[in-house]
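Report on the structure given below.
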Amino acid sequence: MSQSLPHRLLATSLLGAGVLAVFLLVRWVLGTLRPKGFPPGPPIIPGLGNLHQMPIQKPYLKFHQWAKQHGDIVGLKAGTGNLVLLNTPAWVHELFDKRGAICSDRPVNHILTKHVFSGPEEKSIAILQYDEYYRRWRKSFQFILGPAGIKRLLPLLESEAASLCRKFIDSSSSSDYEQSLRHWALAVPLVATTGERLSDMPADYADKLCHSQEELLSVLLPGAAPPVDIFPVLKHVPEILAGWKAKARQVRKLLCDDADNYLVGAKKTYAQIERDPESVGFDSLLPKIMKEQAAAWDKDKFTETELAYVGQAAVGAAVDTTLATFKNLMVAFAAFPDKLVKAQEELDRVAGDEPLSGERIGELVYLKACVSEVLRWRPTTPQALPHVLTRDEHVGEYFFPKGTMFIANAWTIHRNEEEYEQPHDFIPERFLDNPFGLRPSVAAADENLENSGRRALYAFGSGRRQCPGEQFAFTSVLLAAAKVVWAYDILVPPGGRFDVSVETGFKDGTVTEPVHPEVVFQARSEKKRAGVLADAQRTQDIARDLLGLEF
Ligand code: HEM
């Protein structure tokens with residue numbers, strides 16, 4: 001019996017849909033297989049790749065195991081995506097430096113690009129693709145983060161470091177500690193970006209900004225949202241079933257408000273400069289760009305919204321990372337008092353009876369080694385941010401398809417037992433032997449070490465996307481540590497216990513920081529206590545003169 005036309009149409013459509021579904025399924029499954037010439041890695045399951053083995057927490061620990069099993073370069077399949085771990089400086093140099101022009105894109109993160117930074121001019125430099133537009137953003141940061149910028153900021157950094165040190169005289173609770181640190185980490189990025197001083201802001205300003213940043217990082221945690229970049233169909237789940245969409249919208253609102261605040265603050269500073277240039281003694285980033293743009297015919301100007309987000313990026317990227325690094329250092333000093341004593345001896349020798357002034361910070365060789373070591377031992381960002389390849393590329397025996405994501409695996413690089421003596425231990429002395437912290441025999445064996453593209457620290461990433469705030473962050477932490485170590489013994493809280501195991505003593509998340517960061521600061525003598533008070537006043541006076549405003 002022949003079928004009616006509608007039945008035939010229905011059957012044909014069903015058949016077509018079935019063929020399409022099979023085609024898509026086969027394409028998906030084939031996409032999850034390891035490409036020919038891909039680096040070695042754990043076995044995959046067709047249809048999943050290595051997804052079933054991808055760790056939700058502290059991924060760098062699993063990456064380290066894979067590096068031990070499979071070698072210097074490890075290829076993984078995240079569904080159909082290609083993910084490659086670069087476990088040695090040589091591999092990082094090969095891809096991120098030598099091939100920087102084709103290996104500096106970022107993965108497209110649907111949640112960030114479509115839900116958080118979703119307006120046409122709402123951007124975050126850290127996720128921009130590597131093109132002319134990105135380079136304009138990156139260049140703009142140079143003004144505050146380049147060597148000249150840091151030199152200009154030094155008195156402000158010193159004043160905030162001294163003021164932090166001053167607060168530890170009175171601090172009694174862990175919430176005081178957290179608040180003091182937030183104030184310290186935010187104050188200089190804020191004035192450097194907008195010209196506004198944190199002390200002029202409402203009391204909860206620092207808390208609000210830090211909250212937005214925490215919320216931003218929380219939407220990025222594995223498990224916070226389904227893996228929409230791996231299974232794009234999940235993007236279309238209606239909002240009622242996809243709580244992450246509402247959460248991302250909330251985060252967007254917080255960031256928009258912050259960005260607006262930076263713009264409003266910068267406009268105020270700019271208006272003040274226009275009215276009375278002499279009254280503003282310090283050039284900050286956004287007002288400077290506004291001034292230049294007003295005077296130029298340049299077609300590539302930042303819009304107001306873009307400027308607001310330049311401010312958001314500059315302040316946002318600075319605070320959590322610097323804060324976490326300082327907390328890690330304080331915990332290391334409390335946990336390893338012999339290292340603290342050595343740092344104190346150096347400060348007593350170099351600084352004497354008064355806290356060291358900022359210009360002499362370069363003389364603190366041992367303390368500098370301690371800051372380097374804490375960034376090696378507990379890298380604040382252990383797997384940095386991924387870089388993406390923009391075309392197919394062969395390197396030696398390996399083939400990497402366009403779109404491959406690379407991770408410079410800082411955790412593993414800094415744990416190579418052949419290169420580092422007792423890599424799991426906190427040993428600042430390793431950075432006294434050579435600037436890379438390597439075993440002396442390894443450093444001596446490589447005459448070309450300085451020019452090999454090797455970096456001392458991989459916590460700041462590498463290549464063209466390498467953190468532009470490295471010097472700023474390092475100087476901030478070093479200065480604050482110099483003031484604190486000179487003045488205080490840093491102790492484990494009474495009845496407390498310091499767990500420095502990476503598995504249990506440090507938080508999971510985008511930045512690595514202690515689960516219990518609280519330490520006790522005990523003034524080393526009455527004289528030093530008086531020195532702390534005098535130093536806070538002295539440096540504040542200098543900063544006030546520099547800014548040319550009431551403090
Ligand atoms: C200890 C503190 C810090 C650590 C550990 C850190 C770490 C990193 C890492 C790993 C990256 C990605 C690098 C890559 O893709 O290869 C990055 C990017 C970035 N960092 Fe930092 N950072 C710190 C402090 C700062 C500070 C103080 C600022 C600014 C004031 C800053 C601004 C940025 C920006 C704007 C980017 C994006 C760069 C790009 O995509 O081109 N960072 N940071």
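All values below come from the heavy atoms of this structure, side chains included, with hydrogens, waters and symmetry mates left out. First listed ligand is number 1; within each ligand, the first listed atom is number 1.
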Give the atoms of ligand 1, by number and element, whose distance to some non-hydrogen atom of Ser462 is under 4.0 Å. 16 (O)

Can you report which non-hydrogen protein atom sits closest to atom 32 (C) of ligand 1, along with the distance? Ala317 CB, 3.3 Å

If you count the atoms of ligand 1 from 1 in the order shown, which ones are under 4.0 Å from a heavy atom of Ala459? 5 (C), 7 (C), 10 (C)

By number and element, which atoms of ligand 1 are closer than 4.0 Å to a non-hydrogen atom of Ile125? 35 (C), 40 (O)

Protein residue, atom and distance nearest to atom 23 (C) of ligand 1, heavy-atom basis: Thr321 OG1, 3.4 Å

Within the structure, does His387 bring an N/O atom to less than 3.5 angstrom of an N/O atom in ligand 1? yes

Numbered in order shown, the ligand 1 atoms found under 4.0 Å of a heavy atom of Thr381 are 5 (C), 7 (C), 10 (C)

Given Phe460, Phe141, Phe96, identify the one with the heavy atom nearest to atom 9 (C) of ligand 1. Phe460

Below 4.5 Å, heavy atoms only, C-beta onward: do Trp411 and Gln383 meet side chain to side chain? no

So do Val84 and Tyr398 actually touch side chain to side chain, heavy atoms under 4.5 Å? no

In this structure, atom 40 (O) of ligand 1 is nearest to the protein heavy atom Arg106 NH2, 2.9 Å

Note the single closest protein heavy atom to atom 38 (C) of ligand 1, along with its residue, its atom name and the distance in Å. Arg138 NH1, 3.5 Å

Does Pro189 come within less than 4.0 angstrom of ligand 1, counting non-hydrogen atoms of the residue? no

Closest by any non-hydrogen atom to atom 36 (C) of ligand 1: pick that one out of Pro468, Ala126, Cys467. Pro468

Side chains of Arg99 and Val395: closer than 4.5 Å at any heavy-atom pair? yes

Does only the side chain of Thr380 get under 4.0 Å from ligand 1, or the backbone, or both, or neither? Count heavy atoms. side chain

Take the angle between the ring planes of Phe63 and Trp66 and call it parallel below 30°, perpendicular above 60°, tilted in between. parallel

For atom NE2 of His110, is the number of surrounding heavy atoms from other residues, nucleotides or ligands below 6.0 Å larger than 12? yes

Could you find the nearest protein heavy atom to atom 13 (C) of ligand 1 and give me its residue, atom name and distance? Arg465 O, 3.2 Å

Taking the side chain from Glu160 and the backbone from Ala187, do they hold a donor-acceptor pair closer than 3.5 Å? no

Could you find the nearest protein heavy atom to atom 28 (C) of ligand 1 and give me its residue, atom name and distance? Gly469 CA, 3.6 Å

Considering only the protein, which heavy-atom contact is closest to atom 1 (C) of ligand 1, and what is its distance? Thr325 OG1, 3.1 Å

Is there a heavy atom in Ala313 that sits closer than 4.0 Å to ligand 1? no

Short list, please: which atoms of ligand 1 are under 4.0 Å from a heavy atom of Ala318? 26 (C), 27 (C), 28 (C), 29 (C), 30 (C)

Could you tell me if the ring centre of Phe521 sits under 6.0 Å from that of Tyr177? yes

Where does Leu385 meet ligand 1, judged by heavy-atom distances below 4.0 Å: at the side chain, the backbone, both, or neither? both

Between Lys368 and Phe474, does a side chain to side chain contact (heavy atoms under 4.5 Å, CB included) hold up when you go through it step by step? CA-CA 9 Å; Lys368 190 165 170 251; Phe474 201 99; 3.7 Å; yes

The atoms of ligand 1 lying under 4.0 Å from a heavy atom of Ala384, numbered in the order shown, are 10 (C)

Does only the side chain of Leu145 get under 4.0 Å from ligand 1, or the backbone, or both, or neither? Count heavy atoms. side chain

Using a strict 4.0 Å threshold on nitrogen-to-oxygen distance, state whether Lys342 and Glu346 make a salt bridge. no

How about Tyr133 and Glu306: does a side-chain donor come under 3.5 Å of a side-chain acceptor? yes

Side chains of His64 and Thr412, donor plus acceptor under 3.5 Å: yes

Do Cys103 and Tyr130 have side chains that approach each other closer than 4.5 Å (heavy atoms only, starting at C-beta)? no

Is the distance between the ring centroids of Phe400 and Phe406 under 6.0 Å? yes

Report yes or no: does Tyr134 have a heavy atom closer than 4.0 Å to ligand 1? yes

Under 4.0 Å from any heavy atom of Ala314, which atoms of ligand 1 are there? 29 (C), 30 (C)

List ligand 1 atoms under 4.0 Å from Phe472, heavy atoms only on the residue side. 27 (C)

Surrounding NZ of Lys208 (heavy atoms of other residues, nucleotides or ligands, distance under 6.0 Å), is the total greater than 12? no

